[in-house]
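Report on the structure given below.
These figures come from a predicted structure and were not determined experimentally.
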Amino acid sequence: MEEFRSFLVRLPSGVRYWTVLDAGLRPVAAADEFLINARLGRDLAELTTGAYATSIALYLRWCERIGLEWPRATVRLGRFVHWLQYDAGGSDNLVVLDSPVRGARRVNCVLAAVREFIRFAVSTGMAQPSALEPLYDLVPDWDLPWEVRGEGQARLRPRARHRLREPESLVDAASPEEILGLLRACLSARDRFIIMAMWRMGLRRGELTGIRREDVHFLADASRLGCGIAGAHLHVRRRDNVNGAAAKSRRHRPVPADWLVVQAYDRFMAERDACRQAQACDFLLVNLFRAPLGAPMRPQAVNELLEALSRRAELQRGVHPHMARHAFGSGVMAAGATLDEFRELMGHASFTAGEPYLHPDPRRLRAAVESVPLPRELGGEADR
């Protein structure tokens, strides 16, 4: 049995969060306090506490194997980084395997969760302040924008000491041909609406499967619904849903819909209304073709749908839900949207989240170079 493992807990209120169990299936007190505070005190999503719990379980497992208590093991975190990359046989020896079992991005996510856990433990008295010292370096803040840094002398700020260099992140977007292939492979109006909503609105699978019927305002004027937003749109709201769906951001945002999405929605609703079991459910997306009929559709079912459609369409690769969302984001940037418009449409927390979308097509780069005007004299020589 694994020494430590993540575990999903359902509270009497119905709220769920993830914790960490030891080998005796007992909650690890410090980790449990951190995770329940993240879920209830900070209102983080259930999936976020799940990622934190998995990361902390890895750290505690490593501490157990090297024989150090977790507050004292931070002095050897460099070895933990290597262990995460190569999972070196459960020992503390630096054994180099043929290839990493975890990429740099995954390792950095684990390290970020561990730092948050240690910071919380120190702030609540569950660990000594000395546990934090090996985690950070103090560096001048010259690299920060002057709007953040302010005028005057540079100040010292903490910077994470352990972090792997991540490869340049490029957006893996579904191509127009792949999207059209998925749409042609759909056997129902519901499935076509799902593809349209991700491709033309950029919705995440957790947002899409968490939408209620009351959130959909596909009207020219929604004022009679108590909404002052003009044009067809729907509202993405963070809720605790029985199907496990969750919006990533706590901030509510309206998302505009074009006529293609509205048309797909109308056809889907005619199909949905024909299912008697679905009429009592307030979730927009429900099971129409498998038991239990009328039950809210799970987020994982969207993945399963796209996998099946990719096979049916005989695509060269499988298309995942986020690839359809990336196709929307890439299209928005290519159409000339500003960063604030892009951030709002995609539901990102920061402007930097849009950087991977800022890689223009090589054809646009060549067109940009060729559009630079030449001096008149050089232009005449080129003609000759």
Just wondering, more than 12 heavy atoms not from [X] lying within 6.0 Å of its [atom1]?
X    : atom1 : value
E69  : CD    : no
R312 : CZ    : yes
Q128 : CD    : no

Mark yes or no: R212 above the aromatic ring of F283, with NZ or CZ under 6.0 Å from the six-membered ring centre and no more than 45 degrees from the axis.
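Judged by the rule, R212 and F283 form a cation-pi pair.
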Who passes salt bridge (Lys or Arg N to Asp or Glu O under 4.0 Å) against D240, sequence neighbours left out?
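Testing D240 for salt bridge (Lys or Arg N to Asp or Glu O under 4.0 Å), a comparison that skips the adjacent residues, returns R39.
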Are any non-hydrogen side-chain atoms of L111 and F80 less than 4.5 angstrom apart?
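Touching, per the 4.5 Å side-chain cut-off.
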Mind running salt bridge (Lys or Arg N to Asp or Glu O under 4.0 Å) on R251 and E344 for me, showing each step along the way?
CA-CA 10 Å; R251 186 171 57 91; E344 187 67 24; 3.2 Å; yes
Salt-bridge contact R290-E304 (side-chain N to carboxylate O under 4.0 Å):
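Between E304 and R290 there is a salt bridge, with a charged N closer than 4.0 Å to a carboxylate O.
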One pair to check against side chain to side chain donor-acceptor pair (under 3.5 Å): Y17 and D32. What are the steps and the verdict?
CA-CA 10 Å; Y17 79 100; D32 186 69; 2.8 Å; yes
Is there a path of hydrophobic side-chain contacts, each under 4.5 Å between heavy atoms, that joins I179 and F268?
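I179 clusters together with F268.
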With a cutoff of under 4.5 Å between side-chain heavy atoms, which Ile, Leu, Val, Met, Phe, Trp and Tyr residues group with L293?
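Traced through the cluster, L293 reaches no other member.
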Within the side chain of [X], is there an N or O that forms a donor-acceptor pair under 3.5 Å with the backbone of [Y]?
X    : Y    : result
R213 : C281 : yes
S310 : V319 : yes
N37  : E33  : no

For H320, side-chain hydrogen bond (donor to acceptor under 3.5 Å, both in side chains) partners two or more places apart
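Here no residue qualifies.
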Are F117 and Y59 close enough that their ring centers fall under 6.0 Å?
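Centroid separation for F117 and Y59: 6.0 Å or greater.
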